[in-house]
Every structure is written in structure tokens, then in C-alpha cells.
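Heads up: the structure comes next, in C-alpha cells.
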There are 2 protein chains.
Amino acid sequence: MSESASPVKFRPEEIPAELGGLRMTKQRKEVYCLLMDQRDHPTAQDVFIRAKERMPNISLATVYNCLEALVNHELVRQVNFDRAPSRYCPNLEEHVHFQDLETGAIHDVVFKKGININDFLELPEGVEVRELELTLKGIMPSSTKKN
Amino acid sequence: MSESASPVKFRPEEIPAELGGLRMTKQRKEVYCLLMDQRDHPTAQDVFIRAKERMPNISLATVYNCLEALVNHELVRQVNFDRAPSRYCPNLEEHVHFQDLETGAIHDVVFKKGININDFLELPEGVEVRELELTLKGIMPSSTKKN
DNA sequence: AGAAAGAATTGGAACAATTCTAATTAAATT
DNA sequence: AATTTAATTAGAATTGTTCCAATTCTTTCT
């Protein structure tokens, strides 16, 4: 599980002009850095508010556009809990999400090493899984929270 | 995996006046029967359209109210795929959902017998999982579809 | 049974997240 | 430098859902 803020600050000027086939504009760099920097699964609104600190003229539409572009180019993942506002996550490792019902914080959880989807699901022969989204909600013991 | 229409028709008049602590009104019976009858994971809109066939005066608000009541009393499960309209499912067995990307159809998938969440996820010690939602998207071989 | 209280239903308004639109600005290509 | 193409912007529109106040149904109480 991880909620670690990165020790290095990501700076827009260090982001290459293109990333994963996506042209990185000023706004996209900003949004991307901010996600990399504060990996707390913000909503589009959260991103908007944070982005405005450094780019006061950025619009919410642009934030949505940037997030969509980043998601489409698989630089960022979109995370949905029920029908709550989507959240965004720059962790590209395969993982799932756990929401602490007490704090609302979202944590990344990984699969056991070597585990395969057919090891735990009764999928019919030949089914090809293209996307998997697993979300958990529950209670974290406070001891674990600190880490 | 199942998408089986039940062989018996569920009739509102056969539903008891109370179910799982929920007073079953005329509308709730209708909504519940319709879900039990056609287990294809309809949206609230779908339910509304179907319900109107037998109850032309039912309102969309009532359908939402009924579905909410049924979900709260755990007679029905709410299923979310990304931010698409919620769908409703009367299958109370523990299961997850697979959407066929070709047809849009949603199928129920069960866990392997005896599998435990800690068998496939790297959850920190002491975390108590209260809710789990797993959704899959992919392609079903047409041979499998027929069944 | 009739009155009173409580709950559910209804239609429409309100809401919140997201998407769309048309105009402007910025970047890339010629 | 001119032209084409793409991205950004503000605001309007859309969509699924929830809220609201009025009415209708049930249930409970005399």
C-alpha cells in the first residue's frame, strides 16, 4: 500500500515535450506534475484548484481535457468509486484501490506476486479480460495508517 | 457466469408484504419482480421503461426510490462500471461483473471456491475490508456467449 | 369504522459531474 | 511569415441522480 509523496518535486520544465506519444503542453505538464507530486488521488476539481496556484488562468475544461488526454495515453489512471467524482492516479503499476472509510484516503494495493486472474475468478474458457477495476472500502488500523 | 432468465415468472402478488425488513409496496414489488425476472443488469431508466408496461403511472423518482430502498435492504445490488449509469442486480451471491465489450452485456462471475481476499491481494495487516467491487471488461468468445 | 399519523409516491425543480461548443490562442508545418 | 492544425478557454448544455412539496396510501389508534 502506498500514499507516499514523492521525495523529488516534479517540475513542468523537466517534462519532455512529448510523453507516450502525447504532446505535453504547458497545461498538461502542470497537471501531470501535480499528479506525480501529490499522489493522493485527487478529483478533477482538486486538480483544478491545485493547478490554479501556479497557473491562475487554467480552466476546468482544460483540466478535464488534460486528464482525458493523459488517461488515453496511459500516463495516468482514472479511478472510480461508485458514482463519486472520478479520481486520478499516476501509478502505472498494476494495482487496485482501497478507500479508508474513516479518513476517505485512497491507498494503492497490489496483487500478490505471480497471481493470475484465473487463479481467483471462475472465468469461462477463452474470455479475454481487457480491463479490470477493483475497489475496496474498509477500515485501516491506525497503526498501519502512519506508514 | 450467468445471464439466465429465470424459468419462473416472478409475480408481484406472490411477493410478501415485507422482505428483509422492507415494506414491499406495490411499486417496490413491481421493481423487484422485474429485476428478478429479467436479470440483465438494467439501469434505472431501463427499469422505469419496463415498470411502466404494467404500471403506467409509476414515476422515475419512484423507481429511484425503490431501487435505493432495495439496495439499502440488501435485496438488490447496485453495479457501477466507470461513471456509466448504475445498473441493478438481484443476485445476492458474492460475485463480480464482466462486461462484454462487443455486446455490452454484463455477466456475473464468481470467485474460485474457497478463495480469500488475502490470497490474491497484498493487503496490510489488520485491514478490514467492508466492501469490494470488481468489474471486468473484455471479449467473450462467441461459443461461450450462447450458453 | 373513522381520525390521525406516518410512509411512500409523484412531477418537477435542482444539482453536480462531465461534455460540448464556438471563439481564441498557441504551436507546428509549409 | 503565412497557413494549417491542435489546444485552451468560458460558458452553455447534457446527463444521471437527488431533492422538494404536495398528494395519496397504509397503518395505527381510538
Side-chain angles (χ1 to χ4, degrees), chain A residues 12-13 15-34 41-52 54-73 75-88 104, chain B residues 12-13 15-34 41-52 54-73 75-89 104 106:
Chain A
E13 47 278 21
I15 306 281
E18 197 177 303
L19 217 53
L22 179 67
R23 205 181 112 203
M24 293 301 280
T25 63
K26 207 154 58 75
Q27 292 74 347
R28 287 173 186 164
K29 285 176 181 173
E30 187 57 45
V31 168
Y32 182 64
C33 278
L34 166 170
H41 306 86
T43 63
Q45 272 295 335
D46 295 335
V47 171
F48 180 46
I49 289 163
R50 289 180 198 172
K52 274 205 288 200
R54 306 185 67 228
M55 277 187 106
N57 296 321
I58 198 170
S59 80
L60 181 56
T62 300
V63 169
Y64 273 103
N65 289 342
C66 291
L67 291 169
E68 187 188 31
L70 292 166
V71 168
N72 288 340
H73 287 76
L75 297 167
V76 157
R77 285 186 46 193
Q78 186 169 5
V79 179
N80 296 300
F81 273 85
D82 306 321
R83 293 193 46 83
S86 289
R87 297 171 171 277
Y88 297 87
Chain B
E13 47 278 21
I15 306 280
E18 197 177 303
L19 216 55
L22 179 67
R23 202 181 113 202
M24 293 302 279
T25 62
K26 207 155 59 76
Q27 293 70 352
R28 285 174 187 163
K29 285 177 181 174
E30 186 57 45
V31 167
Y32 183 63
C33 278
L34 165 172
H41 305 88
T43 63
Q45 272 295 336
D46 296 334
V47 171
F48 180 46
I49 290 163
R50 291 179 198 173
K52 275 204 289 200
R54 306 185 69 228
M55 277 187 104
N57 296 323
I58 197 170
S59 81
L60 181 57
T62 299
V63 169
Y64 273 103
N65 289 341
C66 290
L67 290 169
E68 188 187 30
L70 292 167
V71 168
N72 287 340
H73 287 75
L75 296 169
V76 156
R77 285 185 46 191
Q78 184 169 7
V79 179
N80 297 300
F81 272 84
D82 307 320
R83 293 193 46 81
S86 289
R87 296 171 171 278
Y88 297 87
C89 169
I106 292 169

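Order of the sequence lines fixes the chain letters, A, B, ..., with proteins taken first and strands second; residue numbering starts at 1 for each chain. Predicted model, so just to flag it, every value in this text is computed and none were measured.
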What's N57(B) touching, base or sugar-phosphate or nothing? Going by heavy atoms closer than 4.0 Å. sugar-phosphate
Contact between E13(B) and K29(B) at the side-chain level, heavy atoms closer than 4.5 Å - yes or no? no
E30(B) CD to dC25(D) C1', straight-line distance once rounded to whole Å: 17 Å
When you measure from the side chain of R87(B) to the backbone of Q78(B), do you find a donor-acceptor pair of N or O atoms at a distance under 3.5 Å? no
With no hydrogens and no angle check, do the side chains of T43(B) and D46(B) hold a donor and an acceptor under 3.5 Å apart? yes
Nearest to the side chain of Q27(B), which nucleotide is it out of dT9(D), dT10(C), dA8(C)? dT10(C)
Answer yes or no: does a side-chain N or O of Y64(B) lie under 4.0 Å from OP1 or OP2 of dT17(D)? yes
Go nucleotide by nucleotide along DNA chain C from the 5' end; which of R83(B) and K26(B) gets its closest nucleotide reached first? K26(B)
Value for CE (M24(A)) from SG (C33(A)), rounded to nearest 0.5 Å, stands at 7.5 Å
Side chain of A61(A), heavy atoms from C-beta onward: which of dA10(D), dT8(D), dT17(D) has the nearest atom to it? dA10(D)
Rounded off to whole Å, could you give me the CE-to-C1' distance for the M24(A) and dA28(C) pair? 18 Å
Which nucleotide in the list dT9(C), dT17(D), dA17(C) gets nearest to the side chain of P85(B)? dT17(D)
Protein-nucleotide distance (L67(A), atom CG; dT18(C), atom C1'), rounded to Å: 12 Å
Can you tell me the distance, in whole Å, between the CD atom of E18(A) and the C1' atom of dA7(D)? 15 Å
Could you tell me whether T43(B) contacts a base, only the sugar-phosphate backbone, or nothing, with contacts defined as non-hydrogen atoms closer than 4.0 Å? nothing
Residue-phosphate contact under 4.0 Å: S86(A) side-chain N/O, dT18(C) OP1/OP2: yes
Over all strands shown, is T25(A) touching base, sugar-phosphate only, or nothing at heavy-atom distances under 4.0 angstrom? sugar-phosphate
Taking for each residue the nucleotide of DNA chain D bearing the nearest heavy atom, is the 5' side occupied by N65(A) or by L60(B)? N65(A)
For atom CE of M55(A) and atom C1' of dA7(D), their distance in whole Å: 11 Å
Treating R77(A) as the side-chain partner and V71(A) as the backbone partner, does any N or O pair qualify as donor plus acceptor under 3.5 Å? no
Take atom CG of N72(A) and atom P of dA7(D), then tell me their distance rounded to the nearest Å. 12 Å
Short side-chain N/O contact to dT9(D) OP1/OP2 from T62(A), under 4.0 Å: yes
Can you spot which of R50(B), K52(B), R54(B) makes a side-chain hydrogen bond (donor to acceptor under 3.5 Å, both in side chains) with E30(B)? R54(B)
How many whole angstroms separate atom CG of D46(A) from atom P of dT18(C)? 11 Å
5′-ward residue of the pair N80(B)/I58(A) relative to DNA chain D: I58(A)
F81(A) CZ to dA17(C) P, straight-line distance once rounded to whole Å: 17 Å
Measure from the side chain of R23(A), starting at C-beta and using heavy atoms only, and say which of dT9(D), dA6(D), dT18(C) lies closest. dA6(D)
